[in-house]
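In what follows, a single structure is set out as structure tokens and then discussed.
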There are 2 protein chains.
Amino acid sequence: MTGRRGRPPKDVLSRDRILREALALVDEDGLAAVSMRKLARRLGVDPMSLYNHVDGKDALLDGIAEVLLAAIPPPPPGAGLRETMSALAHGFRAAMLGHPRAAPLVLTRQLASMTALAPVEAVLGPLLAAGFPPDRAVHALRAVLAFLIGTLMREVEAAPTFSGTDPEGVRRRLETLEEAGLPAVSAAAPFLAVCDHEAEFEFGLRILLDALAAG
Amino acid sequence: MTGRRGRPPKDVLSRDRILREALALVDEDGLAAVSMRKLARRLGVDPMSLYNHVDGKDALLDGIAEVLLAAIPPPPPGAGLRETMSALAHGFRAAMLGHPRAAPLVLTRQLASMTALAPVEAVLGPLLAAGFPPDRAVHALRAVLAFLIGTLMREVEAAPTFSGTDPEGVRRRLETLEEAGLPAVSAAAPFLAVCDHEAEFEFGLRILLDALAAG
DNA sequence: ACCTGAACACCGTTCAAGT
DNA sequence: ACCTGAACACCGTTCAAGT
């Protein structure tokens, strides 16, 4: 009952509030725009106050990455191996696309925290239950994860025109590809000039899950 | 014959010399240490002189990435589809491992230059020759590339201890994994605590090439 | 055409001081 | 325990001046 009457107890600083505001800053202005000073300004606070809750800029970026990771929903409990892996892969993608400008933090950093271990457990459980020996289960997990990281990196870094929405951008890209004078590139130019990220994602994921089911 | 007598014509600045020195700087001190000023100091030149040859820091980083890409050897000319793709994949990996601290520049950036198009041509040619329709050839290329980017990112960002060389680091990691109290993670902990990057690379590559050959 | 140096508007972080 | 502000050692890049 104490400290909670009248208006809220004060918009006090906290690790949580700092991370939320930092994510908003990345969403709005991109990763390059993140600075301790600018973040402090947004929070109406002295830059050095942040250091009471966050262990420097690098730890701040790790923190943002963990917020993104935490947004991956757990897979449906009763599901089989393939459905579980597919659900987690789609959940991962959705979490990254929810904050495309922050996604490279997840895709680029080696995260050691517990938050990163939850999805690992969620994949490994069904793999072991399906009879995979632990070493092969880890192999499978890592192969799929590598693919996910690679495709999502392409998707979030891609210029919006690469998705094919902007016909002028596509035309320019087509032109560049043809001008290169490389025969195979020219022949495939219409397909190189655009990228249906979702289709690429589904294609690669299917191939990998098929291979794991077979192998 | 002019300007080449006595000692060399002067250790003059050039885009090439700048990129080589920048790569050396990344190799020695890491990406975070790269600054226009420090690079200029190494070259014995005013920072602003760099701008006569390179279009700012971002273009410099793109330039370094292109130097790395250019180191991928062309595949053996007479080879079949699978051998060609395998050779390029291994060449890509070798190029990144030659400069692990600079590799994220390649793995992270969308490169539009001609240098990036040469390997694409080298893959697409055999794919089309093998009868792949252009759209499926591009699909295949992108799936493999996504996997390569993901695995190599893991490999170059990994702490050296993750490779299993340092038994003390492995023990600490094992402990963390067991302490998490996640059953599947605990069961697979010995395999999660280390990573044989080469084996992971070969495993994923084989799966993908098999799938493409079959499909 | 290329190089220079001063200047501007920023950075992350340490440290001593406050409450 | 948390917040502050000055200070230090840096940044990338613009601009006017030199050769």
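Here is how names work: the chains are called A, B, and so on, in the same order as the sequence lines, proteins then strands, and each is numbered from 1.
Side-chain contact between B/Leu124 and A/Leu192 is present, with heavy atoms from C-beta onward closer than 4.5 Å. Taking 4.5 Å as the limit, every side-chain heavy atom of B/Leu148 sits out of range of all side-chain heavy atoms of B/Leu107. A 4.5 Å side-chain heavy-atom check between A/Arg15 and A/Leu19 finds at least one atom pair inside the cut-off. The shortest distance between side-chain heavy atoms of B/Val123 and B/Val144 does not fall below 4.5 Å. A 4.5 Å side-chain heavy-atom check between B/Ile149 and A/Ile149 finds every atom pair outside the cut-off. Taking 4.5 Å as the limit, every side-chain heavy atom of A/Leu68 sits out of range of all side-chain heavy atoms of A/Leu105.
Of all heavy-atom pairs spanning A/Pro73 and A/Leu88, the tightest one is O-CD2, 4.1 Å. Closest of all the heavy-atom pairs between A/Lys57 and A/Val34 is NZ-O, 3.0 Å.
Contacts of B/Arg173 classified as side chain to side chain donor-acceptor pair (under 3.5 Å), with partners at least two apart in sequence or in another chain: B/Thr161.
No more than 12 heavy atoms of other residues, nucleotides or ligands sit less than 6.0 Å from atom CG of B/Asp55.
For the contact set between residues 50-57 of chain B and DNA chain C, defined by any heavy atom under 4.0 Å, the members are B/Asn52, B/His53. Of all the residues in residues 18-34 of chain A, not one reaches under 4.0 Å from DNA chain D with any non-hydrogen atom.
Of the charged side-chain nitrogens involved, at least one lies within less than 4.0 Å of a carboxylate oxygen, so that A/Glu168 and A/Arg171 count as a salt-bridged pair.
Comparing A/Ser49 and A/Arg37, the nucleotide of DNA chain D nearest to each residue sits closer to the 5' end for A/Ser49.
Here A/Arg15 lies out of heavy-atom contact (under 4.0 Å) with every strand. If you check every strand for non-hydrogen atoms under 4.0 Å, B/Met48 touches a base. Residue contacts shown for B/Ser35 are limited to sugar-phosphate atoms, with no base heavy atom under 4.0 Å away.
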Discussion item. Wobble G-U and Watson-Crick pairs count when both distances are under 3.5 Å; given that, what is the 5' to 3' dot-bracket string of DNA chain D, with | for pairing to other strands?
Written reply: ||.|||||...|||||.||
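Running 5' to 3' along DNA chain C, contacts with non-hydrogen atoms of chain B at under 4.0 Å begin and end at C/dC2 to C/dA7.
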All N/O donor-acceptor pairs, side-chain side in residues 197-204 of chain B, below 3.5 Å, sequence neighbours left out:
| from | atom 1 | to | atom 2 | distance (Å) |
| --- | --- | --- | --- | --- |
| B/Glu200 | OE2 | A/His139 | ND1 | 3.4 |
| B/Glu200 | OE2 | A/Arg142 | NH1 | 3.3 |
| B/Glu202 | OE1 | B/His90 | NE2 | 3.3 |
| B/Glu202 | OE2 | B/His90 | NE2 | 2.7 |

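Of the N and O atoms on the side chains of B/Thr165 and B/Ser163, not one donor lies less than 3.5 Å from an acceptor on the other residue.
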